[in-house]
Amino acid sequence: MAWTKYQLFLAGLMLTTGSLNTLSAKWADMFSAKGCKGDPEHKFTHPFVQAVGMFLGELSCLAVFYLLLCHDRRRPEPKMNPGQSFNPLLFFPPAMCDMTATCIMYVALNMTSASSFQMLRGAVIIFTGLLSVAFLGRRLMPSQWLGIFITIVGLLIVGLADFFSGNRSSEHKLSDVITGDLLIIMAQVIVSVQMVLEEKFVYKHDVHPLRAVGTEGFFGFVVLSLLLIPMYFIHVGEFSDNPRQVLEDALDAFCQIGHEPLILLALLGNTVSIAFFNFAGISVTKEISATTRMVLDSLRTLVIWAVSLALGWEVFHGLQVLGFLVLLIGAGLYNGLHRPLLERIPCCAGLLSTEEEISPGERERLLDNGRVQVADDS
């Protein structure tokens with residue numbers, strides 16, 4: 001069945017804003033500007049300030065939810081399901097995981113390329129699969145174990161590509177690239193814990209997805225904003241690139257923004273794009289399918305890589321192409337995208353009967369990257 005114009009718009013919005021989210025964050029990292037009190041020009045290296053902006057974008061989803069709810073209630077026959085009442089503190093543990101993982105990934109983005117950053121985030125299915133077996137008692141199908149193994153191979157290929165490109169890169173030292181890649185993979189462990197917590201404690205509640213994202217954004221924004229105060233006084237030496245060599249110098253970030261307004265544009269691009277990306281992703285899952293959302297999420301990796309090459313932010317490396325394809329195959333196998341294809345091949349249809357069928361709800365959650373399930377608000 002052909003897509004409607006609205007469905008095409010949603011798919012394009014998700015692909016565009018998802019790509020802009022990473023590209024704008026990387027663009028901000030590439031700026032240099034003077035700091036406070038006559039500090040010499042230095043790079044804009046403020047991952048925690050950027051993370052606060054990201055959570056502000058997620059928090060805006062809460063405002064969108066209540067605007068849609070108010071608009072719907074003015075109709076003669078309201079159609080939107082706001083979900084049942086719940087304790088917002090249920091979202092605090094996964095929000096803290098989200099905050100920690102996001103901060104680590106923004107630190108890593110300063111050390112590696114935008115395309116590798118996006119590709120290595122595919123490691124999340126490895127740890128999500130293993131943790132779901134250990135803590136949720138789930139049985140993974142043989143194809144999912146194969147998908148995990150192929151994903152590991154893909155990560156090794158991307159790592160090798162970064163190793164070879166790091167040797168000839170003038171922007172990032174090889175040690176920084178390797179550290180950045182390892183930090184991204186470490187962050188995916190925390191993201192996996194977040195997904196398992198959401199599934200164990202949150203899925204049983206009928207929570208509207210925009211409300212769920214916004215609630216996690218609220219906790220992340222408030223807690224991280226408060227943490228910026230002690231970070232201003234914690235000295236970390238050469239680990240930090242700001243003049244005072246503290247964990248995060250928010251005042252220096254604002255001074256740099258004042259001297260180079262384009263940094264503000266990049267940060268706003270990150271904040272706005274994450275809000276629209278969450279909205280578009282949820283809408284794509286509802287209006288089209290969770291499978292389409294997974295495919296579009298993979299395509300944005302390709303867009304980020306192509307734009308980075310076009311802008312001269314990184315150098316082409318054939319191993320990255322191979323790594324991307326292998327990661328795509330691994331994610332497809334893990335999420336069951338091979339099943340419709342095998343069902344059409346008579347000699348392979350029997351293989352599917354040997355795999356235990358998973359419930360539709362569980363399948364949607366796997367394809368939807370472990371996020372909170374979509375409530376029916378149509």
Side-chain angles (χ1 to χ4, degrees), residues 3-21 24-25 50-92 94-95 98-99 102 194 198 202-225 264-290 292-293 296-297 300 364-365 368-378:
W3 284 6
T4 64
K5 290 183 179 179
Y6 179 61
Q7 289 174 331
L8 287 171
F9 167 75
L10 289 175
L13 182 66
M14 179 183 169
L15 185 60
T16 303
T17 54
S19 304
L20 281 174
N21 181 242
S24 58
Q50 286 180 285
V52 168
M54 198 263 324
F55 282 113
L56 181 60
E58 287 191 1
L59 175 59
S60 66
C61 290
L62 200 58
V64 172
F65 166 75
Y66 285 111
L67 286 173
L68 291 175
L69 187 62
C70 290
H71 176 72
D72 183 72
R73 285 179 174 173
R74 292 179 180 177
R75 295 178 177 176
E77 296 182 4
K79 297 181 179 180
M80 183 175 173
N81 175 19
Q84 66 187 56
S85 60
F86 64 97
N87 185 354
L89 290 176
L90 280 173
F91 287 92
F92 186 78
D98 191 12
M99 182 191 75
T102 299
Q194 173 193 349
E198 287 176 343
V202 179
Y203 284 155
K204 57 186 177 183
H205 298 276
D206 180 20
V207 183
H208 192 282
L210 279 176
R211 192 178 184 185
V213 172
T215 304
E216 286 191 10
F218 169 79
F219 284 124
F221 177 77
V222 171
V223 172
L224 189 55
S225 296
L264 179 61
L265 181 62
L267 296 179
L268 286 176
N270 187 34
T271 300
V272 174
S273 63
I274 194 65
F276 278 98
F277 176 67
N278 278 298
F279 172 77
I282 290 165
S283 300
V284 164
T285 303
K286 175 175 174 289
E287 298 289 338
I288 310 174
S289 70
T292 303
R293 182 175 181 177
L296 290 172
D297 201 50
R300 73 178 176 129
E364 287 292 294
R365 290 196 293 270
D368 201 22
N369 290 326
R371 300 301 299 182
V372 178
Q373 61 189 0
V374 176
D376 183 13
D377 58 5
S378 60

Trainee: If you compare all heavy atoms of Ala95 against all heavy atoms of Phe219, which two are closest, and at what distance to 0.1 Å?
Mentor: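 Here Ala95 and Phe219 meet closest at CB-CB, 3.7 Å.
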Trainee: Counting the benzene-type ring for Trp, do Phe91 and Phe218 have ring centres under 6.0 Å apart?
Mentor: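 Distance test on ring centres: not under 6.0 Å, no.
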Trainee: Can you list everything that forms a side-chain contact (heavy atoms from CB on, under 4.5 Å) with Val272? Sequence neighbours excluded, please.
Mentor: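 Testing Val272 for side-chain contact (heavy atoms from CB on, under 4.5 Å), a comparison that skips the adjacent residues, returns Phe276.
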Trainee: Which residues pass the side chain to side chain donor-acceptor pair (under 3.5 Å) test with Arg211, sequence neighbours left out?
Mentor: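 Scan of Arg211 (side chain to side chain donor-acceptor pair (under 3.5 Å), adjacent residues dropped) gives none.
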Trainee: Rounded to the nearest 0.5 Å, what separation is found between the CG atom of Leu69 and the CG atom of Leu210?
Mentor: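 Interatomic distance, Leu69 CG to Leu210 CG, rounded to 0.5 Å: 11.0 Å.
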Trainee: Which residues pass the side chain to side chain donor-acceptor pair (under 3.5 Å) test with Thr102, not counting sequence neighbours?
Mentor: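 Listed in chain order: Asp98.
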Trainee: Would Asn270 and Asn21 satisfy side-chain contact (heavy atoms from CB on, under 4.5 Å), going step by step from the backbone distance to the final call?
Mentor: CA-CA 5 Å; Asn270 187 34; Asn21 181 242; 2.6 Å; yes
Trainee: Would you say Thr16's side chain and Leu13's backbone share a donor-acceptor pair under 3.5 angstrom?
Mentor: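 No; zero donor-acceptor contacts below 3.5 Å.
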Trainee: Please report the shortest heavy-atom distance between Ser19 and Arg300, naming the atom on each side.
Mentor: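 Heavy-atom minimum between the residues: OG-CB, 3.5 Å.
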Trainee: Which atoms form the tightest heavy-atom contact between Ile274 and Gly57, and what is the distance?
Mentor: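 Where Ile274 meets Gly57 most closely, the heavy atoms are CG2-CA, 3.5 Å.
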Trainee: When you measure from the side chain of Gln50 to the backbone N and O of Ala25, does any donor-acceptor pair fall under 3.5 Å?
Mentor: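 Confirmed, Gln50 side chain pairs with Ala25 backbone.
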Trainee: Residues two or more places apart in sequence or in another chain: which of them pass side-chain contact (heavy atoms from CB on, under 4.5 Å) with Leu56?
Mentor: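 Checked Leu56 against side-chain contact (heavy atoms from CB on, under 4.5 Å); matches are Leu59, Phe221, Thr271.
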Trainee: So which atom in Gly269 and which in Ser24 form the shortest heavy-atom distance, rounded to 0.1 Å?
Mentor: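 Heavy atoms of Gly269 and Ser24 come nearest at C-OG, 3.7 Å.
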Trainee: I need the Phe65 CZ to Leu67 CG distance, nearest 0.5 Å.
Mentor: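 With rounding to 0.5 Å, CZ (Phe65) is 11.0 Å from CG (Leu67).
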Trainee: List for me each residue that meets side chain to side chain donor-acceptor pair (under 3.5 Å) alongside Arg75, sequence neighbours excluded, and say none if there are none.
Mentor: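 With sequence neighbours excluded, Arg75 shows a side chain to side chain donor-acceptor pair (under 3.5 Å) to Asp72, given in chain and number order.
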Trainee: So which heavy atom on Phe55 is nearest to which on Met99, and how close?
Mentor: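 Minimum heavy-atom separation between Phe55 and Met99: CZ-CA, 3.2 Å.
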Trainee: Leu268: what forms a side-chain contact (heavy atoms from CB on, under 4.5 Å) with it, not counting sequence neighbours?
Mentor: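 Leu268: side-chain contact (heavy atoms from CB on, under 4.5 Å) contacts with Leu264.
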Trainee: Between Glu58 and Glu216, what is the shortest heavy-atom contact and its length?
Mentor: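 In this case the closest contact between Glu58 and Glu216 is OE1-C, 4.3 Å.
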